[in-house]
Amino acid sequence: MSAVDINSSDELRDLYRELILDHARSPRHFGRLDDATHTAEGINPLCGDKLRLFVRLDDDDRISNASFEGSGCAISVASASLLTDMIIGLTVQQALDYFAAVTMRLAGPDTNQDQDSPLELGKIRALEGVRDFPSRVKCATLAWHALNSAIHGRSTPVSTE
Ligand code: ZN
């Protein structure tokens with residue numbers, strides 16, 4: 001395998017596209033979490049994405065497990081897969097920090113995009129490609145809104161509309 005020039009935005013975009021497709025085809029942590037302590041449903045009527053997020057919080061406010069089920073477009077499924085991969089092991093506050101960072105970076109003004117984030121976004125930076133497609137931003141942020149809702153214990157489904 002040849003070295004990847006990460007200074008090339010085209011190659012980086014290709015890598016991110018591959019990552020999204022991989023998670024969409026083979027979602028991680030897919031399925032019901034029977035011992036979940038928190039759960040929330042997310043609905044994006046514009047696209048038809050519908051998912052339920054499951055989170056298991058330990059006594060020390062750490063996310064010990066997470067999963068999701070549902071159906072939707074590739075971006076919504078990949079986003080939920082990346083989310084569950086990322087939040088397991090985090091504290092609630094860290095997960096909420098990521099929620100804030102992701103929703104700001106995907107939906108926020110472009111002037112924010114080059115600012116250094118205090119968080120290591122890692123693979124979820126792959127989702128930033130949707131900024132070029134405003135109608136898909138809600139697909140990418142749906143699982144994150146469901147996470148926020150689950151952690152805050154809201155029982156009504158969160159909708160992007
Ligand atoms: Zn979608």
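One-based numbering, in listed order, for ligands and for the atoms of each. Atom set for the values below is all heavy atoms of this structure, side chains included, hydrogens, waters and symmetry mates excluded. Everything numeric here is computed off the predicted structure, so don't read it as measured data.
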Review point. Strictly by modelled atom types, are Thr91 and Asp61 linked by a side-chain donor-acceptor pair under 3.5 Å?
Key: no
Review point. So, Arg52 and Thr39: side-chain donor and acceptor under 3.5 Å apart, yes or no?
Key: yes
Exercise for review: Indicate whether the side chain of His23 and that of Ser81 have a donor and an acceptor atom separated by less than 3.5 Å.
Suggested key: yes
Revision key, fill the gap. Taken by chain and residue number, the protein N/O/S atoms under 2.8 Å from the Zn ion (ligand 1) read Cys47 SG, Asp49 OD1, Asp49 OD2, Cys73 SG, Cys139 SG
Exercise for review: Check whether any side-chain heavy atom of Leu46 sits under 4.5 Å from a side-chain heavy atom of Lys138, and report yes or no.
Suggested key: yes
**Study point:** Val130 side chain near Leu106 side chain, heavy-atom distance below 4.5 Å
**Key:** yes
**Study point:** Phe54 side chain near Phe68 side chain, heavy-atom distance below 4.5 Å
**Key:** no
